[in-house]
Amino acid sequence: MKRTQTVITVFEFGYLGVGEKSEQSKRITEISKSAFIYLKQLCLCDESESRFLRLKSIENVEVLQLQNYAGVLFTPDGTQIEVLPKIGRKLDDEGGIEKARGSLLNMLMTLGIFRHIQTHSANLTKSKMPLLEVFISQFLDSVTTLIKKGLRSDYVSRESNLSFLKGKLLVGKQIRSNSINKHNFYVEHDEFLLDRPINRLIHTALNIVSRYTTSAENQKLLKELLFEFSDILLSSNVKKDLSSVKLDRGMKYYEMPLEWTKLILDGFSPLTMKGSSYAFSLLFPLESVFESYVASVLLTLLPDNMRLDTQVKTKSLAVFNKRKFFELRPDLFITNKQSSNIILDTKWKLIDSTKDNGTDKFGLSQSDLYQMFAYGHKYLNGNGELFLIYPSHDDFIYPIQFSFEYSDRLKLWVIPFDTSPNIRNNKDRIKFPDNSHFKI
């Protein structure tokens, strides 16, 4: 039976609390007591869940603080918690939510399993769907396209006790089943059917999402699609069916619905929560997502004389007894055949370009500057330019005007990167200072 879903939206690093106590602070978003208890138990009992949840106390109120993950959390009582990136937090509620959701979806397209996301989909923009409904909607759209192009049948092996001989006689089963009724034949034969592994898996995925969608539009489309699959069984052995899937010639149009199906059957993982009562989540570490997105955009912009490598690990902070200690791994390393190499590092953190006094220091972390100093000396031999890349937002639109000078030869620039989906030219996403030597 379909559970009642309660959808709650909160920003990254927000707080979740229970009942009337949460009214003491506007920072706390109220969830049901059963949902809070479930998430608290996960946080205390499972290290993997403590990565994205922290138990804290605010104004003598026990709360759970979300960490630098975004996506969707589920609890067994039907609570659906949509966690959005903090880049929309300072805007008005509707505008901030829309911007944050759009940016997340835009960045997710660089992850292999989500490359099928269509951020410019008309129904997505118009309906302002929560994240889960976005994923379900795009899965349903891919299946709709599949139906229009035609479900493919295949020869499926069947065992039947028939009144006529067809296919291969199974002697052992013939003796056991038809020793009295000798006019029947127990045979193995092939039938040309829609009930093949790939169609069973898609049908099973449709059945799963029907339990979670609350969108009237998605529910309507689901009913139509489930009717199309009514002659196809649900998968009784998902693992076996997955291993049996084969895309024959002319079945390329199955690729997109199959990718969504695999994701759904895996519990909408990349990060799946399973407690004593089953609930799943779809959570993304934003540091990694941002790094992946910046790298993918830079790859489209670099000229032929430049090469981009990610997570280079050829240098270490020190060598002890001929062994490398404390590996140095910059996020992005650009090798330039015509000029000096460049180090870039991404940080998923909001900085404020207006806070340039000695106390606030734009919100920059001293440890980040130490890290870049080490990169500059080990990878660039203390001579060149380094870039720290942060997500752009209303308080950080343009690069910080001046560089941080480690020496006369080694400079660090702090620059913004726009993740919003409405920018069509990738060159407009990243802004390098006018007085930097590095240009693309």
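Worth saying up front: this structure is predicted, and the values here are computed from it rather than measured.
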Trainee: Show the nearest heavy-atom pair for residues Ser392 and Ile87, with the distance to one decimal.
Mentor: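 Closest pair (atom of Ser392, atom of Ile87, distance): O-CG2, 4.4 Å.
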Trainee: Can you tell me how far the CG atom of Leu194 sits from the OG atom of Ser230, to the nearest 0.5 Å?
Mentor: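 The distance works out to 10.0 Å.
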Trainee: What's the spacing between Asn336 CG and Asn341 CG if we round to 0.5 Å?
Mentor: 7.0 Å
Trainee: For the residue pair Tyr375 and Leu328, establish whether any side-chain heavy-atom pair is separated by less than 4.5 Å.
Mentor: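 They are in side-chain contact.
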Trainee: Going from CG on Leu140 to CZ on Phe135, what distance comes out if it is rounded to the nearest 0.5 angstrom?
Mentor: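 Output value for this atom pair is 13.5 Å.
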Trainee: Using the rule given for salt bridge (Lys or Arg N to Asp or Glu O under 4.0 Å), can you reason through Lys252 versus Glu255, listing the C-alpha separation, both sets of side-chain angles and the distance that settles it, and then say yes or no?
Mentor: CA-CA 6 Å; Lys252 189 172 178 61; Glu255 284 184 356; 3.4 Å; yes
Trainee: Roughly how far apart are Ser292 OG and Asp331 CG, rounded to 0.5 Å?
Mentor: 11.0 Å
Trainee: Determine whether a donor-acceptor pair (N or O, by modelled atom type, separation under 3.5 Å) exists between the side chain of Arg429 and the backbone of Asp418.
Mentor: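 Pair found, side chain donor or acceptor close to backbone of Asp418.
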Trainee: Quick one: CG on Asp195 to CG on Leu151, what's the gap to the nearest 0.5 Å?
Mentor: 11.5 Å
Trainee: Please check this pair: side chain of Thr213 against backbone of Val209, looking for a donor-acceptor N/O pair closer than 3.5 Å.
Mentor: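 Between the backbone of Val209 and the side chain of Thr213 there is no qualifying donor-acceptor contact (under 3.5 Å).
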Trainee: Centroid separation under 6.0 Å, is that true for the rings of Tyr379 and Phe333?
Mentor: yes
Trainee: Using the rule side-chain contact (heavy atoms from CB on, under 4.5 Å), only one of Asn422, Thr419, Asp394 pairs with Lys99; which is it?
Mentor: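 Going through the options one by one, the only one that passes is Asp394.
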Trainee: Check the pair Phe438, Phe432 against ring pair (Phe, Tyr, Trp, His ring centres under 6.0 Å), reporting the backbone distance first and the verdict last.
Mentor: CA-CA 8 Å; Phe438 181 64; Phe432 291 97; 5.1 Å; yes
Trainee: What's the verdict on salt bridge (Lys or Arg N to Asp or Glu O under 4.0 Å) for Asp248 and Arg152, showing C-alpha distance, side-chain angles and the deciding distance?
Mentor: CA-CA 10 Å; Asp248 300 327; Arg152 292 287 288 268; 5.4 Å; no
Trainee: Among Leu344, Leu380, Ile342, find the one that has a side-chain contact (heavy atoms from CB on, under 4.5 Å) with Leu386.
Mentor: Leu380
Trainee: Please determine whether a side-chain nitrogen of the Lys or Arg among Lys347 and Asp368 lies less than 4.0 Å from a carboxylate oxygen of the Asp or Glu.
Mentor: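 Yes, charged N to carboxylate O under 4.0 Å.
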Trainee: Find out whether Lys149 and Tyr254 are in side-chain contact, i.e. whether some heavy atom of one side chain is under 4.5 Å from a heavy atom of the other.
Mentor: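 Not touching, per the 4.5 Å side-chain cut-off.
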Trainee: Does the salt bridge (Lys or Arg N to Asp or Glu O under 4.0 Å) test come out yes or no for Glu82 and Arg101, once each step is laid out?
Mentor: CA-CA 10 Å; Glu82 180 186 36; Arg101 188 183 291 138; 2.9 Å; yes
Trainee: List the steps and the verdict of side-chain contact (heavy atoms from CB on, under 4.5 Å) for Thr145 and Tyr253.
Mentor: CA-CA 8 Å; Thr145 302; Tyr253 64 93; 6.0 Å; no
Trainee: Start with the C-alpha gap between Val312 and Arg329, add the side-chain angles, then the distance that decides, and say whether side-chain contact (heavy atoms from CB on, under 4.5 Å) holds.
Mentor: CA-CA 5 Å; Val312 178; Arg329 188 181 295 187; 6.0 Å; no
Trainee: Report the relative orientation of the aromatic rings in Tyr390 and Phe396; use parallel for angles under 30°, tilted for 30 to 60°, perpendicular for over 60°.
Mentor: perpendicular
Trainee: Side chains of Leu201 and Leu265, heavy atoms from C-beta outward: is any pair under 4.5 Å?
Mentor: yes
Trainee: Output yes when a side-chain donor or acceptor of Arg200 lies under 3.5 Å from a complementary backbone atom of Leu233, and no otherwise.
Mentor: no
Trainee: One pair to check against side-chain contact (heavy atoms from CB on, under 4.5 Å): Leu226 and Phe229. What are the steps and the verdict?
Mentor: CA-CA 5 Å; Leu226 285 170; Phe229 281 80; 5.5 Å; no
Trainee: Could you check whether any side-chain N or O of Glu133 sits under 3.5 Å from a backbone N or O of Thr214, counting only pairs where one atom can act as donor and the other as acceptor?
Mentor: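 Checking the backbone N and O of Thr214 against the side chain of Glu133, a donor-acceptor pair under 3.5 Å is found.
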Trainee: Quick one, Thr79 and Ile81 - any side-chain contact, counting heavy atoms below 4.5 Å?
Mentor: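 Answer yes - side chains close enough.
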Trainee: For a 4.5 angstrom cut-off between non-hydrogen side-chain atoms, does Gln80 reach Ile8?
Mentor: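 The answer is no; the side chains never approach within 4.5 Å.
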Trainee: Ignoring hydrogens, what is the shortest heavy-atom contact between Leu104 and Pro85? Give both atom names and the distance.
Mentor: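 Looks like CB-CG, 3.8 Å.
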Trainee: Hey, could you give me the CD1/CD1 distance between Ile430 and Ile415, rounded to the nearest 0.5 Å?
Mentor: 4.0 Å
Trainee: Does any N or O in the side chain of Lys56 come within less than 3.5 Å of the main-chain N or O of Tyr15, such that one atom is a donor and the other an acceptor?
Mentor: no
Trainee: Please check: side-chain N/O of Lys262 versus main-chain N/O of Leu242, any donor-acceptor pairing under 3.5 Å?
Mentor: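 Between the backbone of Leu242 and the side chain of Lys262 there is no qualifying donor-acceptor contact (under 3.5 Å).
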Trainee: Do the charged groups of Glu62 and Lys40 touch, with an N to O distance under 4.0 Å?
Mentor: yes
Trainee: Within a strict 4.5 Å, meaning less than it, do heavy atoms of the Leu64 and Phe36 side chains meet?
Mentor: yes
Trainee: Would you say the side-chain atoms of Asp345 pair up with the backbone N or O of Leu388, donor to acceptor, closer than 3.5 Å?
Mentor: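 No.
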